[in-house]
Amino acid sequence: MPELPEVETIRRDLASLVLGRRIDEVEVLWPRTVQGLEAEAFQARLAGQRIEWLGRRGKHLLLHLSSGGDLIIHLGMSGRLLLEQGHISPEKYDRVLFRLEGGLALRFRDVRKLGWLALVKDGEEFLASLGPEPLEEGFTAEVLTKRLAGRKGQLKPLMLNQRFLAGVGNIYADEALFAAGLHPCRRADTLSEEDIARLHWAIRSTLASGIEDRGSSVNDYRDAEGRPGRHQENLAVYGREGEPCPRCGAPIQRIVVGGRGTHFCPNCQR
DNA sequence: ACCACAACCTGGCCGC
DNA sequence: TGCGGCCAGGTTGTGG
């Protein structure tokens, strides 16, 4: 599942190859993938525009275009952005094809159709309701403290709430809570100052180490070249039900919290 | 604010 | 071998 580290890996991979290139032609194969515009209008508006820079906001990829607008891409659960050389034709599960200047092509492939693309005036504004970027300097322990104040819900659903914090999904939420030694069901307003400091550090280091490993390929995730990441090998709890905790050896438990599969160590996370 | 649940989707897996 | 049923999860929307 593409979360912040996976989207950031794709952004970095794409940047070196597509920056400054013109989009020659766009082919929408599954119109519902495109939000807010008819497929024909979307295709027509993108053709001829240059990709000026690539950004990321939470799990969204932003392509800033020469017209001044932004193309926002969300990979959903199973979305991939695959960069290829040569004239490509549609393959199974392809939803949108971009043919770029210089014989380069980009496929948006998405088996489960939960991903989407939107062409908007201002991407940052369009995504303004998202919470802070966890890896930016401005995301300090004080900021986290303020955002936690008055929150009575459990930590796990809060970590997944994109309005609370942008970019964390099910994998990195479980990993960050493990690294912080906090139980996923812990009420947010019961954290001490030290708890919050550990959670703050845990969120940032968990995401950073995911990026270092080029993302986690638990199911579907692939980078722009179609390669898996390797962070799944370094996950402490996610997907490891019954396996020994890397810290204390107790078996990792899987429970459902807020309707989501949740992995934790019952000994290290109280 | 918070919670529960449905909807969007489909491959993969289970049990029969 | 096949079929029905359920699960996975990111996000939004609804209703309590």
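Remember, predicted model here, so these are calculated numbers, not experimental data. Residue numbers begin at 1 in each chain, while the letters A, B, ... track the order of the sequences.
Taking atom CG of A:N170 as the reference point, atom P of C:dT11 lies 11 Å away to the nearest angstrom. Going from atom CZ of A:F164 over to atom C1' of C:dT12 covers 20 Å, rounded to whole Å. A:R32 has its CZ atom 7 Å from the C1' atom of B:dC8, to the nearest Å. At whole-Å resolution of the value, NZ in A:K156 and P in B:dC2 are 17 Å apart. A:E241 has its CD atom 14 Å from the P atom of C:dC7, to the nearest Å. Counting to the nearest Å, the C1' atom of B:dC3 and the CG atom of A:L160 are 14 Å from each other. Here B:dA1 presents its P atom at 9 Å from CG of A:N161, a figure rounded to the nearest Å. Between the P atom of C:dA8 and the CD1 atom of A:I255 lies a distance of 13 Å, rounded to the nearest Å.
Residue contacts shown for A:G258 are absent, as no nucleic acid heavy atom lies under 4.0 Å away. Within the nucleic acid shown, A:Y238 comes within 4.0 Å of sugar-phosphate atoms alone, with no base atom in reach, counting heavy atoms only. When heavy atoms are screened at a 4.0 angstrom cut-off, A:R254 is found touching the sugar-phosphate backbone but no base atom.
A side-chain contact (heavy atoms from CB on, under 4.5 Å) with A:S216 holds for exactly one of A:E233, A:E6, A:E175, A:R230; it is A:E6.
Residue A:R112 places a side-chain atom within donor-acceptor reach of the base of C:dA8, judged by atom type and a 3.5 Å distance cut-off alone.
Which of B:dC8, C:dG9, B:dC2 sits closest to the side chain of A:R151 comes down to B:dC2. The side chain of A:H74 approaches C:dT11 more closely than any other nucleotide in the set C:dT11, B:dC8, B:dT10.
Between A:H200 and A:F139, the gap from one ring centroid to the other is short of 6.0 Å.
In this structure, the separation between CG on A:N267 and CZ on A:R270 is 5.0 Å, given to the nearest 0.5 Å.
Judged by distance alone, the side chains of A:D223 and A:T9 never bring a donor and an acceptor atom under 3.5 Å apart.
With A:T206 contributing its side chain and A:Y172 its backbone, the two residues share no donor-acceptor pair below 3.5 Å.
Within the 4.0 Å cut-off from OP1 or OP2 of B:dC9, not a single side-chain nitrogen or oxygen of A:Y93 is found. Regarding contacts with the backbone of C:dT11, a side-chain N or O of A:K59 is found under 4.0 angstrom from either OP1 or OP2.
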